[in-house]
Amino acid sequence: MTSTPSKHLMKQSSKLLLEDLRKDREELDELGELDITTILGSDFDDDSISAADQELIKDALIKGYDLRQYSKDVENNLNQMDKMTINDYFQERENFLTLYTQIQVVDGVLETLETMLNNYYNDLKSIGSEMNSLQERSMSMNHKLNNRKLFDEKLSKFLDAVIIDPEFYNDLTNSKNGIDDYYISNLTKLDTKITLFDDYKKISPTICAMNEPQLSKLTVASIQKIQKYLAITLNSNFKKLAEKKQKQKQLANMGYLFQFLFKYSQYIASEVILSYVENNEKYFTSFYKAYVNALLKLLEDGAPGKNDFINIGTGKIKSLFNSTPNKNNSQQNQQQQQQQQQQQQQQQLHTTFSMGNRCELLIKEVLELPPIEPPQSSSSIPFLEAALEFIPIVNNNNNNNNNNNLNGKESVKYSFDQLFRSMIYFLMDILGSETLFVKDFFLGGEDIIISIFTRSINHLVEVTDNYLGNSYDVVGLVMMISMLYRYKSMMNERGVNALDRPFDRLITMITNRFAKLFSLYLDHIKNTSIKDLKAGISSNSPHYVIRKYADFITTIQAVSANIPTQCDCQTILCKAVSELKDSCNALINRLVQEIESKDDQIIFLVNNYAIVVQSIQEYVVSSNGTGGSATNGDIIPPDQDITIKPFYKSFQSVAKKYIDTQITNLKYLSHFISFSWEWGPLVESNVKIDLKENPSFNASNVTKILHAFEQNWRSAIAAIRNNSINHFSQCQYAQTQIFNLVITEIYTCYRMLAIIIDKYFDSLKSDPNFKSDKIIDEMKEMNPNLNLKYIHQE
């Protein structure tokens, strides 16, 4: 009953809805494209209606379908589809039954599999628990094992420390067993036992107290055995130095013996050191004194004395250096005599003021040669039977002549500075080797070495002092100073400083003697009358005193390069060089006044200034402090070297005067020289010259000059060169420089003459005597070292 009113109400609502739709159809057409929200309102949620349904409803509303009929059609279609579906299911019932049966089977299988997996999961949980249990048990067992190992280790150390094995005790105390590597190994174990024993006393005093007497007894026995062994080994009287060094090499590897001794008995260790120092002091003192005394027997006779140093007598000097012409001899005989005198001077090994061959002592290779071996009798042992070990040997070839006198031949003699080098070098070697051993074995320092070698060093100082008291060999003194500085540096580089103070003491002694001799020499020169030196004055040779000055300056200059700049000795040497230069210049000026002829005065000045420059340049101190010989006097630029510069300027001045004098004497070139210097600088400076106002400045005059020059310039150079050879026969530097200056002078004048012709007398370029640059080429051939530019070359 309730359904009928509802249906009726629905029909009325549908009609009203259709009427409203018809009324608004025209309005709908005007709205254009409609959607469900337009119809139902903006509040309608159309997210649940698909786009296709929206289009279908829209189309139905537009066409005016009856919704009831449309709904009924849809319902009928659904019923029809339901029937068809049921029919399809009915036709496939067997398949569905089969599918159901299969699903049931699968479900059973899956149920069984689930049961198995659950059982497997439970088993895994059980295994994990067992593994955790095993892991815990393993960790517990490992911890217990580590504890037991640690306990065993500590117990083993304890037992090793407190228990002394009889075999171990016998190995250390048995006198038949020698001291070797095995003994040192056992001694190390004993040292470990003693160290651990003191720690274990606090842990187990009872057990340690029982074994302490035996351990103390073993320690004392070991100390006594080491003391006895070292007393025999270290203090043996070796006849040969090689045997001692060989034994020290073996002991150096056993340094632990002394370390053990010093650790457990410093008193006995001190006794061992004192005994070693005492015995080695006697050994090395005796050995070194014997070597030094043997060397002193090789000291050459005729060492420079006081008279040689200050040269009061002049008779000997006159025979060597005086070249005054003899009226009974021809000029050729004079030249031969001068050449012989020059050869005698060059053959002289060294003089009081020149190094000569002794400059080799400045060379590093010579400084590091083995010491001189004194000749020995057949029954004695050579001093140098062992090769030098501490200081390396560079070359032994130059020392072969030291050992060629062992068969009874006459001994070679040496200067004291050569013997002094061997004394120092030999002391350096034995002291250096001993220092290495003391550092390795005793772990000691310089105090032990100084104690051992004090008497040896004092003997060297005494010998040196005795020599210095009577020595006038100033070259030898500065050589000795240089050697001491070089050797001191060498020892410091090898970490040995024990000789620093002795070397400084020797340097001070030698420097004081040098300063005293130098002052004596300067005082003598100042107080010496020119009359005493007049016998050695000759214009054709350097004065013998000036030679000495040159040699002295050269020696000090060469040696000072090996001496540190920041030291008192270097200051003294620099002051000596400065005073020598001033004194030398003053003496030359005094001596030249004794010559009457002006030309001879110029020749004398050239000879003396040139010999100073030549001497300084011949002994050039290179960067490593060795002496070098100059060639043509051009190793050091003379206008740059502060030592040569003042003498070089004086030489250049007097050399120019000499050349001017020589050219003036050549009448056929004097006009050429005067004309070139009169007009050449003006023309080069572009000064206009009026030919009418200067009648001498004409083509005819220049033609005559060209003719005279072409005919005579070569012979003029040859004549001046021959004169320079005669005037400077004992000074090669003067000959070379005069020849160079002559060529330069003639070249300069000729170049100015060529420029004059080029600017004012162009017609003379075709003159056969005007050869332009060909003349310069000939001059270059005479001396290729000269930098001669061509006429128009900038």
*Asks:* Mind checking side-chain hydrogen bond (donor to acceptor under 3.5 Å, both in side chains) for D523 and listing every partner two or more places apart, or none if nothing turns up?
*Replies:* none

*Asks:* Does Y733 have its ring centroid less than 6.0 Å away from the ring centroid of F728?
*Replies:* no

*Asks:* Could you check, using the six-membered ring where one of them is a Trp, whether F651 and Y658 have ring centers closer than 6.0 angstrom?
*Replies:* no

*Asks:* side-chain hydrogen bond (donor to acceptor under 3.5 Å, both in side chains) with N787: which residues, sequence neighbours excluded?
*Replies:*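 None.
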
*Asks:* Quick one: list whatever passes salt bridge (charged side-chain N to carboxylate O under 4.0 Å, His left out) with K704, sequence neighbours left out.
*Replies:*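 Counting only residues at least two positions away or on another chain, K704 forms no salt bridge (charged side-chain N to carboxylate O under 4.0 Å, His left out).
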
*Asks:* With N783, which of T736, V742, I743 fulfils side chain to side chain contact (heavy atoms under 4.5 Å, CB included)?
*Replies:* I743

*Asks:* Output yes when a side-chain donor or acceptor of N694 lies under 3.5 Å from a complementary backbone atom of S696, and no otherwise.
*Replies:*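 Flag not set: sc N694 to bb S696 has no pair under 3.5 Å.
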
*Asks:* Indicate yes or no for a side-chain donor-acceptor contact from D773 to the backbone of I776 under 3.5 Å, with no hydrogens or angles considered.
*Replies:* no

*Asks:* Using the side chain to side chain donor-acceptor pair (under 3.5 Å) rule, collect all pairs that involve residues 597-608, keeping only residues at least two apart or in two chains.
*Replies:* none

*Asks:* Excluding sequence neighbours, so at least two apart, what forms ring-ring contact (aromatic ring centres under 6.0 Å, His included) with F770?
*Replies:* none

*Asks:* Can you tell me if K657 uses its side chain to pair, donor with acceptor, with the backbone of I602 under 3.5 Å?
*Replies:*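 Here the side-chain-to-backbone pair does not exist.
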
*Asks:* Excluding sequence neighbours, so at least two apart, what forms ring-ring contact (aromatic ring centres under 6.0 Å, His included) with Y485?
*Replies:*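 Partners of Y485 by the ring-ring contact (aromatic ring centres under 6.0 Å, His included) criterion come out as none, since no residue qualifies.
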
*Asks:* Should the pair R714-E778 be classified as a salt bridge under the 4.0 Å nitrogen-to-oxygen rule?
*Replies:*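 Answer for the salt bridge query: yes.
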
*Asks:* Of all residues at least two apart in sequence or in a different chain, which pass the salt bridge (charged side-chain N to carboxylate O under 4.0 Å, His left out) check with D758?
*Replies:* K765

*Asks:* Who pairs with F739 by ring-ring contact (aromatic ring centres under 6.0 Å, His included), at least two apart in sequence or on another chain?
*Replies:*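 Testing F739 for ring-ring contact (aromatic ring centres under 6.0 Å, His included), a comparison that skips the adjacent residues, returns none.
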
*Asks:* Which residues pass the side-chain hydrogen bond (donor to acceptor under 3.5 Å, both in side chains) test with N723, not counting sequence neighbours?
*Replies:* Q662

*Asks:* What I want to check is whether the side chains of D473 and S471 have a donor and an acceptor closer together than 3.5 Å.
*Replies:*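 No - no donor-acceptor pair under 3.5 Å links their side chains.
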
*Asks:* Could you pull out every donor-acceptor pair under 3.5 Å between side chains of residues 673-682 and any protein atom, sequence neighbours left out?
*Replies:*
unit_1 : atom_1 : unit_2 : atom_2 : d
S674   : OG     : S670   : O      : 3.1
S674   : OG     : H671   : O      : 3.0
S676   : OG     : F672   : O      : 2.9
S676   : OG     : C749   : O      : 3.2
W677   : NE1    : E745   : OE2    : 2.9

*Asks:* Can you list the residues that meet the salt bridge (charged side-chain N to carboxylate O under 4.0 Å, His left out) rule with R590, with sequence neighbours excluded?
*Replies:* none

*Asks:* Once side-chain hydrogen bond (donor to acceptor under 3.5 Å, both in side chains) is applied, do any residues pair with D660, and if so which ones, sequence neighbours excluded?
*Replies:* K656

